[in-house]
2 protein chains.
Amino acid sequence: MRGEPLDAETIVSATEEVLRRHGPEKATVVDVARLLGVSHGSVYRHFPSKVALREAVIRRWLDRVRDELTEAIAEPGLTQPERLRRLLTTMFAAKWAKARVDPELFATFRVLAIEHSAESSAHVDFLLAQVRAVVADGIASGEFAAGEPDVIARAVLGATSRFHDPKHAEDWRSTEIEADAEAVIELLLRGLRSRSDT
Amino acid sequence: MRGEPLDAETIVSATEEVLRRHGPEKATVVDVARLLGVSHGSVYRHFPSKVALREAVIRRWLDRVRDELTEAIAEPGLTQPERLRRLLTTMFAAKWAKARVDPELFATFRVLAIEHSAESSAHVDFLLAQVRAVVADGIASGEFAAGEPDVIARAVLGATSRFHDPKHAEDWRSTEIEADAEAVIELLLRGLRSRSDT
DNA sequence: AAACTGACAGATATTGACATCTGTCATTCC
DNA sequence: GGAATGACAGATGTCAATATCTGTCAGTTT
(Lines give C-alpha, C1' and ligand atoms only; values in the text may rest on other atoms or scores of the structure.)
Protein backbone atom coordinates (compact mmCIF):
# COMPACT_ATOMS: atom_id res chain seq x y z
CA MET A 1 0.00 0.00 0.00
CA ARG A 2 2.92 2.38 0.70
CA GLY A 3 6.14 2.81 -1.26
CA GLU A 4 8.56 3.07 1.66
CA PRO A 5 9.37 -0.22 3.36
CA LEU A 6 8.66 -0.20 7.07
CA ASP A 7 11.91 -0.57 9.02
CA ALA A 8 12.95 -0.52 12.67
CA GLU A 9 14.55 2.93 12.43
CA THR A 10 11.33 4.49 11.10
CA ILE A 11 9.31 2.87 13.85
CA VAL A 12 11.68 4.12 16.54
CA SER A 13 11.42 7.68 15.16
CA ALA A 14 7.64 7.46 15.11
CA THR A 15 7.68 6.13 18.68
CA GLU A 16 9.85 9.04 19.74
CA GLU A 17 7.34 11.42 18.15
CA VAL A 18 4.40 9.71 19.86
CA LEU A 19 6.24 9.87 23.20
CA ARG A 20 6.93 13.55 22.60
CA ARG A 21 3.24 14.24 21.90
CA HIS A 22 1.49 11.99 24.39
CA GLY A 23 4.06 11.39 27.14
CA PRO A 24 5.26 8.05 28.47
CA GLU A 25 1.96 7.05 30.13
CA LYS A 26 -0.31 7.55 27.15
CA ALA A 27 1.96 6.60 24.26
CA THR A 28 0.67 3.30 22.84
CA VAL A 29 1.79 0.92 20.14
CA VAL A 30 -1.52 1.60 18.40
CA ASP A 31 -0.62 5.32 18.32
CA VAL A 32 2.71 4.52 16.69
CA ALA A 33 1.03 2.36 14.05
CA ARG A 34 -1.59 5.04 13.42
CA LEU A 35 1.12 7.69 12.89
CA LEU A 36 2.84 5.40 10.40
CA GLY A 37 -0.43 4.49 8.67
CA VAL A 38 -0.03 0.77 9.33
CA SER A 39 -1.69 -1.74 11.62
CA HIS A 40 -0.14 -2.31 15.02
CA GLY A 41 0.50 -5.91 14.01
CA SER A 42 3.17 -4.62 11.61
CA VAL A 43 5.01 -2.92 14.42
CA TYR A 44 5.12 -6.28 16.21
CA ARG A 45 6.86 -7.73 13.16
CA HIS A 46 9.90 -5.54 13.93
CA PHE A 47 9.77 -5.42 17.75
CA PRO A 48 8.78 -8.34 19.95
CA SER A 49 7.08 -6.13 22.54
CA LYS A 50 6.24 -2.62 23.60
CA VAL A 51 9.04 -2.84 26.16
CA ALA A 52 11.60 -3.70 23.45
CA LEU A 53 10.37 -0.78 21.35
CA ARG A 54 10.78 1.67 24.19
CA GLU A 55 14.19 0.23 24.95
CA ALA A 56 15.24 0.96 21.37
CA VAL A 57 14.10 4.57 21.81
CA ILE A 58 16.05 5.16 25.02
CA ARG A 59 19.11 3.43 23.60
CA ARG A 60 19.15 5.72 20.57
CA TRP A 61 18.65 8.75 22.79
CA LEU A 62 21.58 7.80 25.03
CA ASP A 63 23.74 6.98 21.99
CA ARG A 64 23.17 10.50 20.72
CA VAL A 65 24.04 12.03 24.08
CA ARG A 66 27.22 9.99 24.13
CA ASP A 67 28.17 11.16 20.62
CA GLU A 68 27.58 14.81 21.51
CA LEU A 69 29.80 14.44 24.54
CA THR A 70 32.72 12.66 22.87
CA GLU A 71 32.70 15.29 20.14
CA ALA A 72 32.71 18.17 22.63
CA ILE A 73 35.73 16.93 24.59
CA ALA A 74 37.85 15.91 21.60
CA GLU A 75 39.88 19.13 21.79
CA PRO A 76 43.63 18.47 22.00
CA GLY A 77 46.36 20.34 23.89
CA LEU A 78 44.71 20.62 27.27
CA THR A 79 46.16 19.76 30.65
CA GLN A 80 44.31 16.96 32.45
CA PRO A 81 42.74 19.28 35.05
CA GLU A 82 41.49 21.47 32.19
CA ARG A 83 40.25 18.42 30.37
CA LEU A 84 38.39 17.14 33.42
CA ARG A 85 36.81 20.54 34.01
CA ARG A 86 35.71 20.67 30.38
CA LEU A 87 34.35 17.13 30.49
CA LEU A 88 32.25 17.89 33.53
CA THR A 89 30.99 21.32 32.49
CA THR A 90 30.12 20.06 29.01
CA MET A 91 28.26 17.13 30.47
CA PHE A 92 26.33 19.32 32.90
CA ALA A 93 25.55 22.04 30.37
CA ALA A 94 24.18 19.52 27.88
CA LYS A 95 21.79 18.06 30.45
CA TRP A 96 20.75 21.42 31.86
CA ALA A 97 20.00 22.71 28.37
CA LYS A 98 17.83 19.71 27.50
CA ALA A 99 15.98 19.87 30.80
CA ARG A 100 15.34 23.59 30.43
CA VAL A 101 14.39 23.70 26.75
CA ASP A 102 11.77 20.94 26.97
CA PRO A 103 11.19 19.77 30.55
CA GLU A 104 8.32 17.46 29.58
CA LEU A 105 10.37 15.64 26.96
CA PHE A 106 13.23 15.39 29.42
CA ALA A 107 10.84 13.94 32.02
CA THR A 108 9.58 11.47 29.42
CA PHE A 109 13.07 10.18 28.70
CA ARG A 110 13.76 10.06 32.42
CA VAL A 111 10.80 7.68 32.79
CA LEU A 112 12.14 5.53 29.96
CA ALA A 113 15.60 5.55 31.52
CA ILE A 114 14.16 4.30 34.83
CA GLU A 115 12.12 1.63 33.01
CA HIS A 116 15.25 0.39 31.25
CA SER A 117 17.84 0.58 33.97
CA ALA A 118 20.25 -1.69 32.10
CA GLU A 119 20.57 0.92 29.35
CA SER A 120 21.02 3.71 31.88
CA SER A 121 23.71 1.98 33.82
CA ALA A 122 25.57 1.23 30.61
CA HIS A 123 25.44 4.98 30.02
CA VAL A 124 26.79 5.66 33.50
CA ASP A 125 29.57 3.17 32.81
CA PHE A 126 30.44 5.16 29.72
CA LEU A 127 30.60 8.43 31.67
CA LEU A 128 32.67 6.68 34.32
CA ALA A 129 35.13 5.46 31.68
CA GLN A 130 35.49 8.99 30.31
CA VAL A 131 36.30 10.42 33.73
CA ARG A 132 38.52 7.49 34.57
CA ALA A 133 40.59 8.02 31.43
CA VAL A 134 41.27 11.67 32.21
CA VAL A 135 42.05 10.89 35.84
CA ALA A 136 44.42 8.08 34.87
CA ASP A 137 46.23 10.33 32.37
CA GLY A 138 46.50 13.04 35.01
CA ILE A 139 48.00 10.66 37.52
CA ALA A 140 50.45 9.35 34.90
CA SER A 141 51.56 12.89 34.03
CA GLY A 142 51.91 13.88 37.68
CA GLU A 143 49.23 16.57 37.44
CA PHE A 144 47.02 14.58 39.81
CA ALA A 145 48.08 12.91 43.03
CA ALA A 146 48.49 9.12 42.97
CA GLY A 147 45.43 6.96 43.56
CA GLU A 148 43.10 4.35 42.15
CA PRO A 149 41.62 5.85 38.93
CA ASP A 150 38.47 3.74 39.31
CA VAL A 151 37.78 4.82 42.85
CA ILE A 152 38.55 8.45 42.05
CA ALA A 153 36.39 8.47 38.95
CA ARG A 154 33.48 7.07 40.94
CA ALA A 155 34.06 9.73 43.58
CA VAL A 156 34.10 12.53 41.00
CA LEU A 157 30.86 11.36 39.40
CA GLY A 158 29.28 10.75 42.79
CA ALA A 159 30.26 14.17 44.06
CA THR A 160 28.72 15.81 41.00
CA SER A 161 25.50 13.81 40.86
CA ARG A 162 23.56 16.91 41.84
CA PHE A 163 24.62 18.41 38.51
CA HIS A 164 24.16 15.49 36.16
CA ASP A 165 21.68 13.06 37.73
CA PRO A 166 18.18 13.62 36.29
CA LYS A 167 16.82 13.09 39.81
CA HIS A 168 17.90 16.69 40.39
CA ALA A 169 16.41 18.09 37.18
CA GLU A 170 14.10 20.40 39.12
CA ASP A 171 17.10 22.06 40.79
CA TRP A 172 18.52 22.92 37.39
CA ARG A 173 15.83 25.53 36.73
CA SER A 174 17.58 27.89 39.13
CA THR A 175 20.62 29.70 37.74
CA GLU A 176 22.38 29.22 41.09
CA ILE A 177 23.25 25.77 39.82
CA GLU A 178 26.07 27.14 37.66
CA ALA A 179 27.88 28.73 40.60
CA ASP A 180 27.30 25.64 42.77
CA ALA A 181 28.73 23.38 40.10
CA GLU A 182 31.71 25.67 39.69
CA ALA A 183 32.43 25.60 43.43
CA VAL A 184 32.23 21.80 43.57
CA ILE A 185 34.47 21.35 40.52
CA GLU A 186 37.00 23.75 42.02
CA LEU A 187 37.02 21.84 45.29
CA LEU A 188 37.37 18.49 43.53
CA LEU A 189 40.25 19.71 41.35
CA ARG A 190 42.04 20.99 44.45
CA GLY A 191 41.59 17.56 45.99
CA LEU A 192 42.86 15.78 42.90
CA ARG A 193 45.96 17.86 42.24
CA SER A 194 49.26 16.60 43.46
CA ARG A 195 50.75 18.69 46.28
CA SER A 196 53.77 19.91 44.28
CA ASP A 197 51.46 21.77 41.82
CA THR A 198 50.07 25.31 42.07
CA MET B 1 -16.43 11.01 77.39
CA ARG B 2 -12.67 10.52 77.85
CA GLY B 3 -10.47 11.52 80.74
CA GLU B 4 -7.43 12.78 78.82
CA PRO B 5 -7.82 16.21 77.23
CA LEU B 6 -7.14 16.24 73.49
CA ASP B 7 -4.05 18.29 72.71
CA ALA B 8 -2.04 19.13 69.61
CA GLU B 9 0.83 16.80 70.52
CA THR B 10 -1.48 13.80 70.84
CA ILE B 11 -3.08 14.60 67.49
CA VAL B 12 0.31 14.90 65.80
CA SER B 13 1.34 11.51 67.19
CA ALA B 14 -1.88 9.92 66.00
CA THR B 15 -1.38 11.51 62.59
CA GLU B 16 2.12 10.06 62.43
CA GLU B 17 0.66 6.64 63.24
CA VAL B 18 -2.03 6.97 60.56
CA LEU B 19 0.61 8.05 58.05
CA ARG B 20 2.71 5.06 59.03
CA ARG B 21 -0.21 2.68 58.53
CA HIS B 22 -1.94 4.12 55.48
CA GLY B 23 0.76 6.13 53.70
CA PRO B 24 0.61 9.78 52.63
CA GLU B 25 -2.06 9.31 49.94
CA LYS B 26 -4.64 7.50 52.03
CA ALA B 27 -4.12 9.08 55.43
CA THR B 28 -7.19 11.23 56.17
CA VAL B 29 -8.23 13.53 58.99
CA VAL B 30 -11.18 11.20 59.59
CA ASP B 31 -8.71 8.34 60.14
CA VAL B 32 -6.84 10.40 62.72
CA ALA B 33 -10.08 11.21 64.56
CA ARG B 34 -11.16 7.57 64.42
CA LEU B 35 -7.84 6.45 65.93
CA LEU B 36 -8.28 8.96 68.75
CA GLY B 37 -11.93 8.03 69.24
CA VAL B 38 -13.17 11.57 68.60
CA SER B 39 -15.03 13.27 65.78
CA HIS B 40 -12.97 14.89 63.07
CA GLY B 41 -14.43 18.25 64.07
CA SER B 42 -12.32 18.05 67.23
CA VAL B 43 -9.15 17.74 65.22
CA TYR B 44 -10.10 20.95 63.44
CA ARG B 45 -10.29 22.67 66.82
CA HIS B 46 -6.51 22.27 67.15
CA PHE B 47 -5.39 22.52 63.53
CA PRO B 48 -6.90 24.89 60.96
CA SER B 49 -6.47 22.43 58.06
CA LYS B 50 -5.16 19.08 56.98
CA VAL B 51 -2.15 20.86 55.48
CA ALA B 52 -1.31 22.50 58.82
CA LEU B 53 -1.59 19.14 60.56
CA ARG B 54 0.79 17.46 58.14
CA GLU B 55 3.14 20.40 58.45
CA ALA B 56 3.25 19.87 62.21
CA VAL B 57 4.15 16.21 61.62
CA ILE B 58 7.04 16.95 59.29
CA ARG B 59 8.29 19.75 61.51
CA ARG B 60 8.44 17.43 64.51
CA TRP B 61 10.18 14.76 62.43
CA LEU B 62 12.83 17.21 61.20
CA ASP B 63 13.27 18.62 64.71
CA ARG B 64 14.06 15.14 65.96
CA VAL B 65 16.55 14.54 63.17
CA ARG B 66 18.22 17.82 64.03
CA ASP B 67 18.45 16.92 67.71
CA GLU B 68 19.96 13.52 66.94
CA LEU B 69 22.58 15.18 64.78
CA THR B 70 23.59 17.96 67.17
CA GLU B 71 23.95 15.38 69.92
CA ALA B 72 26.11 13.10 67.79
CA ILE B 73 28.63 15.78 66.82
CA ALA B 74 28.95 17.42 70.24
CA GLU B 75 32.20 15.56 70.97
CA PRO B 76 35.06 17.91 71.92
CA GLY B 77 38.77 17.69 71.17
CA LEU B 78 38.63 16.98 67.46
CA THR B 79 40.49 18.71 64.67
CA GLN B 80 38.23 20.45 62.17
CA PRO B 81 38.84 17.90 59.39
CA GLU B 82 37.92 15.15 61.84
CA ARG B 83 34.88 17.11 62.94
CA LEU B 84 33.73 17.63 59.36
CA ARG B 85 34.19 13.95 58.58
CA ARG B 86 32.20 13.01 61.65
CA LEU B 87 29.45 15.50 60.84
CA LEU B 88 29.04 14.12 57.35
CA THR B 89 29.29 10.41 58.19
CA THR B 90 26.87 10.81 61.10
CA MET B 91 24.42 12.64 58.91
CA PHE B 92 24.63 10.03 56.15
CA ALA B 93 24.45 7.05 58.49
CA ALA B 94 21.35 8.42 60.22
CA LYS B 95 19.52 8.81 56.92
CA TRP B 96 20.68 5.50 55.50
CA ALA B 97 19.55 3.68 58.62
CA LYS B 98 16.08 5.26 58.52
CA ALA B 99 15.68 4.56 54.82
CA ARG B 100 16.78 0.94 55.22
CA VAL B 101 14.85 0.08 58.38
CA ASP B 102 11.49 1.29 57.10
CA PRO B 103 11.62 2.39 53.46
CA GLU B 104 7.88 3.00 53.26
CA LEU B 105 7.87 5.31 56.25
CA PHE B 106 10.90 7.09 54.87
CA ALA B 107 9.09 7.51 51.55
CA THR B 108 6.07 8.85 53.40
CA PHE B 109 8.13 11.53 55.13
CA ARG B 110 9.80 12.33 51.86
CA VAL B 111 6.37 13.09 50.39
CA LEU B 112 5.55 15.31 53.36
CA ALA B 113 8.90 17.07 53.02
CA ILE B 114 8.18 17.84 49.37
CA GLU B 115 4.68 19.06 50.24
CA HIS B 116 6.11 21.43 52.84
CA SER B 117 9.19 22.76 51.11
CA ALA B 118 9.51 25.66 53.54
CA GLU B 119 10.16 23.24 56.39
CA SER B 120 12.62 21.23 54.31
CA SER B 121 14.63 24.20 53.21
CA ALA B 122 14.83 25.40 56.81
CA HIS B 123 16.30 22.00 57.56
CA VAL B 124 18.81 22.34 54.75
CA ASP B 125 19.74 25.77 56.11
CA PHE B 126 20.42 24.14 59.46
CA LEU B 127 22.70 21.53 57.89
CA LEU B 128 24.43 24.24 55.90
CA ALA B 129 25.05 26.23 59.09
CA GLN B 130 26.57 23.17 60.76
CA VAL B 131 28.98 22.58 57.89
CA ARG B 132 29.71 26.27 57.58
CA ALA B 133 30.68 26.51 61.25
CA VAL B 134 33.18 23.68 60.99
CA VAL B 135 34.61 25.05 57.77
CA ALA B 136 34.96 28.55 59.20
CA ASP B 137 36.70 27.20 62.32
CA GLY B 138 39.03 25.16 60.14
CA ILE B 139 39.96 28.17 58.05
CA ALA B 140 40.53 30.24 61.18
CA SER B 141 42.82 27.57 62.63
CA GLY B 142 44.74 27.18 59.37
CA GLU B 143 43.69 23.55 58.96
CA PHE B 144 41.69 24.46 55.88
CA ALA B 145 42.80 26.70 53.02
CA ALA B 146 41.38 30.22 52.93
CA GLY B 147 38.02 30.76 51.22
CA GLU B 148 34.40 31.83 51.64
CA PRO B 149 32.88 29.55 54.29
CA ASP B 150 29.39 29.96 52.79
CA VAL B 151 30.48 29.01 49.31
CA ILE B 152 32.55 26.09 50.58
CA ALA B 153 29.79 24.79 52.84
CA ARG B 154 27.36 24.84 49.91
CA ALA B 155 29.92 23.00 47.81
CA VAL B 156 30.44 20.33 50.48
CA LEU B 157 26.72 19.71 50.87
CA GLY B 158 26.22 19.83 47.10
CA ALA B 159 29.02 17.35 46.50
CA THR B 160 27.53 14.94 49.01
CA SER B 161 23.88 15.19 47.96
CA ARG B 162 24.07 11.64 46.65
CA PHE B 163 24.57 10.53 50.24
CA HIS B 164 22.07 12.70 52.08
CA ASP B 165 19.40 13.81 49.63
CA PRO B 166 16.32 11.56 49.91
CA LYS B 167 16.06 11.69 46.11
CA HIS B 168 18.83 9.08 46.19
CA ALA B 169 17.23 6.88 48.85
CA GLU B 170 17.01 3.92 46.47
CA ASP B 171 20.81 4.01 45.97
CA TRP B 172 21.29 3.61 49.71
CA ARG B 173 20.09 0.02 49.68
CA SER B 174 23.39 -1.06 48.17
CA THR B 175 26.29 -1.34 50.60
CA GLU B 176 28.59 0.17 47.97
CA ILE B 177 27.30 3.51 49.16
CA GLU B 178 29.56 3.43 52.21
CA ALA B 179 32.75 3.13 50.15
CA ASP B 180 31.52 5.75 47.68
CA ALA B 181 30.80 8.20 50.47
CA GLU B 182 34.19 7.52 52.01
CA ALA B 183 35.95 8.24 48.69
CA VAL B 184 34.05 11.50 48.19
CA ILE B 185 34.72 12.70 51.75
CA GLU B 186 38.41 11.88 51.32
CA LEU B 187 38.59 13.85 48.09
CA LEU B 188 36.74 16.82 49.59
CA LEU B 189 38.99 16.90 52.66
CA ARG B 190 42.05 16.88 50.41
CA GLY B 191 40.57 19.81 48.54
CA LEU B 192 39.78 21.72 51.72
CA ARG B 193 43.12 21.27 53.48
CA SER B 194 45.66 24.06 53.27
CA ARG B 195 48.76 23.15 51.24
CA SER B 196 51.18 23.32 54.16
CA ASP B 197 49.35 20.42 55.90
CA THR B 198 49.97 16.69 55.51
C1' DA C 1 -18.45 28.24 78.74
C1' DA C 2 -15.00 25.43 76.78
C1' DA C 3 -14.66 21.11 74.50
C1' DC C 4 -16.79 18.31 71.55
C1' DT C 5 -20.29 16.50 68.13
C1' DG C 6 -22.55 15.46 63.87
C1' DA C 7 -25.05 17.09 59.85
C1' DC C 8 -23.95 19.60 55.93
C1' DA C 9 -21.94 21.65 51.14
C1' DG C 10 -18.50 21.31 48.09
C1' DA C 11 -14.30 18.88 46.74
C1' DT C 12 -11.94 14.59 46.10
C1' DA C 13 -11.55 9.59 45.78
C1' DT C 14 -13.40 4.89 44.73
C1' DT C 15 -15.94 1.70 42.00
C1' DG C 16 -17.46 -1.03 38.30
C1' DA C 17 -19.21 -1.15 33.67
C1' DC C 18 -17.25 -0.10 29.34
C1' DA C 19 -13.42 1.00 26.00
C1' DT C 20 -8.84 0.62 24.57
C1' DC C 21 -4.51 -1.60 24.58
C1' DT C 22 -1.06 -5.51 24.10
C1' DG C 23 0.38 -9.44 21.91
C1' DT C 24 -0.99 -13.58 18.78
C1' DC C 25 -2.02 -15.75 14.62
C1' DA C 26 -4.82 -17.56 10.76
C1' DT C 27 -5.83 -15.26 6.66
C1' DT C 28 -5.21 -11.81 2.82
C1' DC C 29 -2.48 -9.12 -0.25
C1' DC C 30 1.11 -7.97 -3.55
C1' DG D 1 5.77 -16.48 -0.13
C1' DG D 2 7.25 -12.76 2.82
C1' DA D 3 4.93 -8.64 4.51
C1' DA D 4 0.93 -6.81 6.27
C1' DT D 5 -3.68 -7.25 8.15
C1' DG D 6 -7.53 -7.46 11.44
C1' DA D 7 -10.18 -10.25 14.62
C1' DC D 8 -9.35 -12.00 18.99
C1' DA D 9 -8.37 -13.00 24.44
C1' DG D 10 -6.72 -11.19 28.34
C1' DA D 11 -4.82 -7.10 30.61
C1' DT D 12 -5.07 -2.28 31.39
C1' DG D 13 -7.22 2.24 31.27
C1' DT D 14 -11.28 5.50 31.28
C1' DC D 15 -15.28 7.74 32.95
C1' DA D 16 -19.48 8.70 35.24
C1' DA D 17 -22.10 7.34 39.24
C1' DT D 18 -21.40 6.81 44.01
C1' DA D 19 -19.04 7.19 48.40
C1' DT D 20 -15.80 9.43 51.27
C1' DC D 21 -13.32 13.37 52.71
C1' DT D 22 -12.45 18.35 54.10
C1' DG D 23 -13.78 22.17 56.49
C1' DT D 24 -17.79 24.77 58.84
C1' DC D 25 -20.90 25.66 62.33
C1' DA D 26 -25.18 25.50 65.06
C1' DG D 27 -26.19 22.72 68.63
C1' DT D 28 -25.03 19.25 72.61
C1' DT D 29 -22.32 17.75 76.45
C1' DT D 30 -19.78 18.13 80.71
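Order of the sequence lines sets the chain letters (A, B, ...), proteins ahead of strands, with each chain counted from 1.
- Side-chain contact, R60(A) with S13(A): a donor N or O sits under 3.5 Å from an acceptor N or O.
- A pairwise comparison of heavy atoms in A27(A) and L19(A) identifies CB-CD2, 3.7 Å as the closest pair.
- Going from atom CG of L6(A) over to atom P of dT5(D) covers 8 Å, rounded to whole Å.
- Here I73(A) contributes atom CD1 and Q130(A) contributes atom CD; the two are 4.5 Å apart, rounded to the nearest 0.5 Å.
- Using a 4.0 Å cut-off between charged nitrogen and carboxylate oxygen, E82(A) and R85(A) do not count as a salt-bridge pair.
- Regarding contacts with the backbone of dT5(C), a side-chain N or O of S42(B) is found under 4.0 angstrom from either OP1 or OP2.
- Across residues 9-17 of chain A, not one residue has a non-hydrogen atom less than 4.0 Å from an atom of DNA chain C.
- Shown here are the side chain to side chain donor-acceptor pair (under 3.5 Å) partners of R100(A), two or more places apart in sequence or in another chain: E178(A).
- Note: F163(A) and F92(A) have tilted aromatic rings, judged against thresholds of 30 and 60 degrees for the angle between ring planes.
- Counting only heavy atoms from C-beta outward, the side chains of E176(B) and R154(A) approach each other to under 4.5 Å.
- Within the model, atoms CG of L35(B) and CZ of R21(B) stand 5.0 Å from one another, a figure rounded to the nearest 0.5 Å.
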Report each atom pair, protein N/O against N/O of nucleotides 17-27 of chain C, whose distance is under 3.5 angstrom.
from    : atom 1 : to     : atom 2 : distance (Å)
dT22(C) : OP1    : V29(A) : N      : 3.0
dT22(C) : OP1    : K50(A) : NZ     : 3.2
dT22(C) : OP2    : V29(A) : N      : 3.0
dT22(C) : OP2    : V30(A) : N      : 3.3
dG23(C) : OP2    : Y44(A) : OH     : 2.8
dG23(C) : OP2    : K50(A) : N      : 2.6
dG23(C) : N7     : H40(A) : NE2    : 3.2
dG23(C) : O6     : H40(A) : NE2    : 3.0

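- Across the protein-nucleic acid pair, H46(A) atom NE2 and dA4(D) atom C1' stand 10 Å apart, rounded to whole Å.
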